[in-house]
Amino acid sequence: MDLFSDSSTTENLLPYDGEVIFYGNLLDQNEAAHFYKSLLEKVEWSHDKSLVYGKEIVTKRKIAWYGSKEFAYTYSGYTRVAMPWIEELLALKQLVELYTNSMYNSCLLNLYHNGEEGMSWHSDDEIDLIKEGSIACLSLGAQRRLDFKHKQTGEKKQFELPNGSLIEMEGETQKNWLHCLAITKKVTTPRISLTFRQMKKF
């Protein structure tokens, strides 16, 4: 099944117990290249860190955390404090909100330098996030594969995320499914993912 042949339609990519909606390409190749270059230069990137069995692991992947206020977001044993929006992120946020019909107050960005950098199985179900809220993921740069695995049945689904495309995870997706960014040696160029989120307004 070619999920990306018609960007004017939307489709739930999961068979049950959750919703992952594919919106197609929000940006054409020139627009995507413009935002990719701007974010690469203007975002305050830093290497991500996590605690694994009490040991600090520093990733090759870089991250950045932005929001409407100084939201504290804790995952993998570390707390990050959101930086103020920059112009490019606000523009993309408004575009994403138009398509998803949801409002977002924060964005976690990931910079993967090549296909050998990815993300292991996880759910975005941290206590700081609104339960069963919307998480919208906009992809810029190299096309990468996103995998989903049902927590009970073990069923897996795999989807390619092209440059400029948007998916939205909502409902019971985080409760019932894990997801990961697959590692591959076939991808040699970088990708930026922007995951727009709904933080609780403490």
Side-chain angles (χ1 to χ4, degrees), residues 18 20 35-36 38-94 96-97 100 102-113 116-141 144 146-149 151 161 166-183 190-202:
V20 175
F35 280 107
Y36 173 86
S38 295
L39 294 176
L40 197 62
E41 294 174 351
K42 296 183 180 180
V43 165
E44 295 185 33
W45 299 102
S46 63
H47 291 282
D48 200 9
K49 297 185 293 184
S50 62
L51 284 176
V52 180
Y53 299 111
K55 182 180 180 181
E56 182 180 84
I57 304 296
V58 179
T59 66
K60 293 181 181 178
R61 181 186 79 253
K62 290 185 176 181
I63 65 161
W65 174 233
Y66 286 81
S68 302
K69 57 184 291 187
E70 293 182 347
F71 291 113
Y73 187 24
T74 301
Y75 66 92
S76 300
Y78 287 92
T79 299
R80 292 87 176 164
V81 178
M83 295 176 287
W85 294 113
I86 61 174
E87 179 182 352
E88 288 80 4
L89 285 177
L90 279 175
L92 291 173
K93 182 174 84 77
Q94 292 170 1
V96 169
E97 289 173 340
T100 63
S102 295
M103 302 295 290
Y104 306 98
N105 55 19
S106 54
C107 182
L108 180 66
L109 296 92
N110 283 274
L111 170 59
Y112 304 91
H113 298 90
E116 296 189 48
E117 298 174 15
M119 186 75 74
S120 60
W121 290 111
H122 69 286
S123 292
D124 295 321
D125 54 1
E126 293 82 11
I127 193 172
D128 301 319
L129 296 170
I130 293 177
K131 186 177 181 181
E132 297 186 2
S134 169
I135 297 178
C137 179
L138 178 64
S139 296
L140 299 175
R144 295 290 298 271
L146 188 66
D147 294 358
F148 285 84
K149 180 171 67 173
K151 293 180 180 180
L161 303 180
L166 176 72
I167 64 166
E168 179 187 12
M169 299 181 286
E170 58 181 347
E172 295 191 332
T173 301
Q174 308 303 329
K175 175 183 175 182
N176 296 310
W177 293 82
L178 300 166
H179 57 277
C180 75
L181 187 70
I183 292 176
R191 169 183 180 257
I192 294 175
S193 71
L194 301 90
T195 51
F196 292 95
R197 298 164 185 254
Q198 299 174 324
M199 299 291 289
K200 295 177 181 177
K201 297 181 180 180
F202 294 133

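Just so it is clear, the values below take in all heavy atoms, side chains as well, and ignore hydrogens, waters and symmetry mates.
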Novice: If you take all heavy atoms of K69 and A82, which pair is closest and at what distance?
Specialist: O-CB, 3.5 Å
Novice: Rounded at 0.5 Å granularity, tell me how far CG in L40 sits from CD in E88.
Specialist: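 Rounded to the nearest 0.5 Å, the CG-CD separation comes to 12.0 Å.
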Novice: Contact between Q174 and K131 at the side-chain level, heavy atoms closer than 4.5 Å - yes or no?
Specialist: no
Novice: Classify the angle between the aromatic ring planes of F148 and W177 as parallel (below 30°), tilted (30 to 60°) or perpendicular (above 60°).
Specialist: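 Aromatic pair F148/W177 classed perpendicular.
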Novice: I'd like to know if D128 and R80 make a salt bridge, using a cut-off of under 4.0 Å between side-chain N and carboxylate O.
Specialist: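 Salt bridge: no.
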Novice: Looking at K151, I want to see if its NZ is surrounded by more than 12 non-hydrogen atoms of other residues, nucleotides or ligands under 6.0 Å.
Specialist: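 Atom NZ in K151 is crowded, with more than 12 foreign heavy atoms closer than 6.0 Å.
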Novice: Within the structure provided, determine whether E132 and E170 are in side-chain contact (heavy-atom separation under 4.5 Å).
Specialist: no
Novice: So, for Y73 and E126, which heavy atoms are closest and what is the spacing to 0.1 Å?
Specialist: OH-OE1, 2.8 Å
Novice: Would you compute the distance between atom CD of E168 and atom OH of Y104 and round it to the nearest 0.5 angstrom?
Specialist: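 The CD atom of E168 sits 4.0 Å away from the OH atom of Y104.
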Novice: Residues in side chain to side chain donor-acceptor pair (under 3.5 Å) with S193, at least two apart?
Specialist: none
Novice: To the closest 0.5 Å, what do you measure between OG (S106) and CD1 (I135)?
Specialist: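 It is 9.0 Å, given to the nearest 0.5 Å.
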Novice: From M119 CE over to I183 CD1, what is the distance, rounded to the nearest 0.5 angstrom?
Specialist: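 Reported value, rounded in 0.5 Å steps: 10.5 Å.
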Novice: How close do Q198 and S102 get, heavy atom to heavy atom, and via which atoms?
Specialist: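 Distance-wise, the nearest heavy atoms are NE2-CB, 4.0 Å.
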Novice: Please find the pair of heavy atoms, one from P190 and one from L111, that lie closest to each other, and give the distance.
Specialist: CB-CD1, 4.4 Å
Novice: Calculate, to the nearest 0.5 Å, the distance between atoms CE and NZ belonging to M103 and K93 respectively.
Specialist: 5.0 Å
Novice: Hey, mind stepping through S139 and R191 against side-chain hydrogen bond (donor to acceptor under 3.5 Å, both in side chains) and telling me if it holds?
Specialist: CA-CA 7 Å; S139 296; R191 169 183 180 257; 2.8 Å; yes
Novice: Checking T59 side chain against R61 main chain: does a donor-acceptor pair fall under 3.5 Å?
Specialist: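 Answer holds: yes.
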Novice: Looking at side-chain heavy atoms only, is the closest gap between L39 and L194 below 4.5 Å?
Specialist: yes
Novice: Where is the tightest heavy-atom contact between L181 and E117, given as atom of each residue plus distance?
Specialist: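 Shortest heavy-atom separation between L181 and E117 comes out as CD2-O, 4.4 Å.
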Novice: Measuring only between side-chain heavy atoms, which start at C-beta, is H179 closer than 4.5 Å to D124?
Specialist: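 Result yes, sub-4.5 Å side-chain heavy-atom pair found.
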Novice: List in chain and number order the residues that pass side-chain contact (heavy atoms from CB on, under 4.5 Å) with K149, two or more places apart in sequence or in another chain; answer none if no residue qualifies.
Specialist: W121, K156, L178
Novice: As a quick check of understanding, evaluate side chain to side chain contact (heavy atoms under 4.5 Å, CB included) for F196 and L166, giving each step before the final call.
Specialist: CA-CA 11 Å; F196 292 95; L166 176 72; 5.9 Å; no
Novice: Could you give the distance from CZ (R197) to CG (L129), rounded to the nearest 0.5 Å?
Specialist: 6.0 Å
Novice: Test M199 against I130 for side chain to side chain contact (heavy atoms under 4.5 Å, CB included), laying out the working first.
Specialist: CA-CA 6 Å; M199 299 291 289; I130 293 177; over 6 Å; no
Novice: Counting C-beta onward and ignoring hydrogens, is there a side-chain heavy-atom pair between V43 and I192 closer than 4.5 Å?
Specialist: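 No, side chains not in contact.
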Novice: Work out which heavy atom in K200 is nearest to a heavy atom in F71; give both atom names and the distance.
Specialist: O-CE2, 3.8 Å
Novice: Please step through side chain to side chain contact (heavy atoms under 4.5 Å, CB included) for the pair L109 and L89, ending with a clear verdict.
Specialist: CA-CA 10 Å; L109 296 92; L89 285 177; 3.9 Å; yes
